[in-house]
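The structure appears below as structure tokens.
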Amino acid sequence: MEWIVLIVILAVIIIFVGWLIAIYNALVRLRNAVKNAFSQIDVQLKRRYDLIPNLVETVKGYAAHERETLEAVTKARQQAIDVSGLDSVQERARVENMLTQTLKSLFAVSENYPDLKANENFLKLQEELTTTENKISFARQFYNDSVMQLNNKTEMFPSNIIAGMFNFKQAEFFEVEEEAEREAPEVKF
Amino acid sequence: MWEQIRSNQRKSIILVIVMAFFLLAMGWFGGEGFYGPGGGTIGLMIAIIVWILLTLTSYFSGHSIFLSISGARKIKREDHEVLWNVVEEMKIASGMPNMPAVYIVDDPTPNAFATGRSPDKASVAVTTGLLERLTRSELQGVIAHEMGHIQNRDVLYMMMIGVMVGAIALLADIGVRMLFYGGRGRRRTSSGGGQAQAIMMIVAIVLMILAPIVAQIVYFAISRKREYLADASASQFTRYPEALASALEKISGLIRKPSKDADKVNRIIAPSYIINPIPAARGSGEKASLFSTHPPTKERVRILRAMAGGAGFGDYDMAFRRVTGKPVGVIPFRSLEAAEKVEIKKPDDMPAEKHIDRVRQSTDALWRLNKYTFIPCDCGTKLKVPPELQGQRITCPHCGRKH
């Protein structure tokens, strides 16, 4: 009789420990996913820094008197590089978003120069920057989803106990603070 | 998303076990029926051998067989930058570990498919017709749908079930042949236990008639459900369901007559395409029959357009229930629980590329695949140099300059 009780107790302990390990592993997996997702954003941001000087040079050749727009892009790029070493995700998101805006206005301006728009090099750069912008936004989207999952796990019971014990921290969202993107989507039927 | 994959895996294992049971039962009853008591083992052996052979072939070479049947050719980034970039964007959006291989099929009918048994070893292929017809964001929607298939492990899943359906059909075929040509003579010699054997025989015949039909109906039902799921994944990845909706509309409007390769596209691989390339198997477009691989395109478009509030799985499920009027959605319950609020993106304000540019890009990709090189001439002409003339001096046919 005694040994049956012993086995039951032992089984309960084993199941409990196994369950704790599973929660811990899930937390580690999520933390790594967040880290990995952030490095994906980083790769694309660096790619964008590399492409911009080329673009500015090409546009200069055709639209030299759009100096203001060109300077805004160069300045925003430098600012973004300056804060790229910072740990604050939010500050980086803010500056990178400014860079996106200046690039948008540069491409809007270039619509007025048919010669520039016919330039093969410019078209190549435009496609490269379009895809880099898209990749940044998709990488951000994936990163934010991963952060959401990690944060939920660190807050919700019972995984929050394990998260507290092993010091799992909440991660910061890579958020875009922009009026237009905050508006509710238009509904059409 | 992970919840969904896990729920798929559980369900697929259960279904494969149920179908395997059917297959083995068919073998056993068939054996008992034809060879008398003890023959069940032989039937069982035949069933298992058929299944293993088919599984092995499709597991290890299904991928390459499929790509070669469809005439797909692997491309590098330089061959078609837009396509490559869009695939890379969707790879990032779906969080896939590796870049899938990208293929182009030289076919004016717009279509796309994905293969590969796991996300690390996946391929996506699109036709030149698709590249020419769709805008960049529509292309994104289609690629996202294919990535959805890869992420949800649909390719592996449909392959396993497809093999089962094939094995059941093959075994039933063997059984029916034996019934007509071989079985009788053998049965007369064993007169003992005739009644039990007759019952076995009847069970076997019923199984042989019913099993292939049931297996196929199940297979098609799963295939349709997978399409909805891939659509939901696509909108989750792109955050812009309208892109896929308008791409589907364009594609279905254009596949009126069978693709030139329709005869090559057998039924097993048809579910992998974004829209079934065989129009007859697709139904009239309004209603899905029991035997169609894809849901009616009109309904898929309507569901995507009904996603008013957001682009997540939960929003898709709600739109699905509203449009079809069915009480139960298509998304597994556990992944709905995990679904978060996902906002729809605004359409980007990039001007649409001109049709002529897209045609140029896709034909250039084909030239490059055939090892042609390009020389831009100062007069604006782009000279396409065949491989055998490379290294020689070439005169521009328009302005006479030498290169």
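So you know, we letter chains A, B, ... as the sequences are listed, proteins then strands, and number each from 1.
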Item checked: Given Thr130(A), Thr131(A), Asn134(A), the one that forms side-chain contact (heavy atoms from CB on, under 4.5 Å) with Asn85(B) -> Thr131(A)
Notebook entry, point to check: Taking side chain as C-beta onward, heavy atoms only, is Thr238(B) less than 4.5 Å from Gln141(A)?
Noted result: no
Note to self: Assess the residue pair Glu89(B) and Ile136(A) against the criterion (side chain to side chain contact (heavy atoms under 4.5 Å, CB included)); give the C-alpha distance rounded to whole Å, side-chain angles, the decisive distance to 0.1 Å, and a yes or no.
What the structure shows: CA-CA 9 Å; Glu89(B) 285 162 24; Ile136(A) 290 172; over 6 Å; no
Mark yes when over 12 heavy atoms from residues, nucleotides or ligands other than [X] sit less than 6.0 Å from its [atom1]; otherwise mark no.
| X | atom1 | value |
| --- | --- | --- |
| Phe166(A) | CZ | yes |
| Glu78(B) | CD | yes |
| Gln90(A) | CD | no |

Next item on the list: Quick one: list whatever passes side-chain hydrogen bond (donor to acceptor under 3.5 Å, both in side chains) with Glu133(A), sequence neighbours left out.
Entry: Arg48(A)
Next item on the list: Determine, step by step, whether Phe138(A) and Gln140(B) satisfy the side chain to side chain contact (heavy atoms under 4.5 Å, CB included) criterion, reporting the C-alpha distance in whole Å, the side-chain angles of both residues, the deciding distance to 0.1 Å, and the verdict.
Entry: CA-CA 12 Å; Phe138(A) 287 125; Gln140(B) 220 174 45; 3.6 Å; yes
Next item on the list: Check salt bridge (Lys or Arg N to Asp or Glu O under 4.0 Å) between Glu57(A) and all other residues, then give those that pass, not counting sequence neighbours.
Entry: Lys60(A)
Next item on the list: Against chain B, label Thr132(A) side chain, backbone, both or neither, depending on which of its atoms sit under 4.5 Å from a heavy atom there.
Entry: neither
Notebook entry, point to check: When rounded to the nearest 0.5 angstrom, what is the spacing between CD1 in Ile92(B) and CZ in Arg140(A)?
Noted result: 13.0 Å
Check: Roughly how far, to the nearest 0.5 Å, is NZ of Lys135(A) from NZ of Lys91(B)?
Finding: 9.0 Å
Checklist line | Donor-acceptor pair, side chain of Glu81(B) and main chain of Glu127(A), under 3.5 angstrom | finding: no
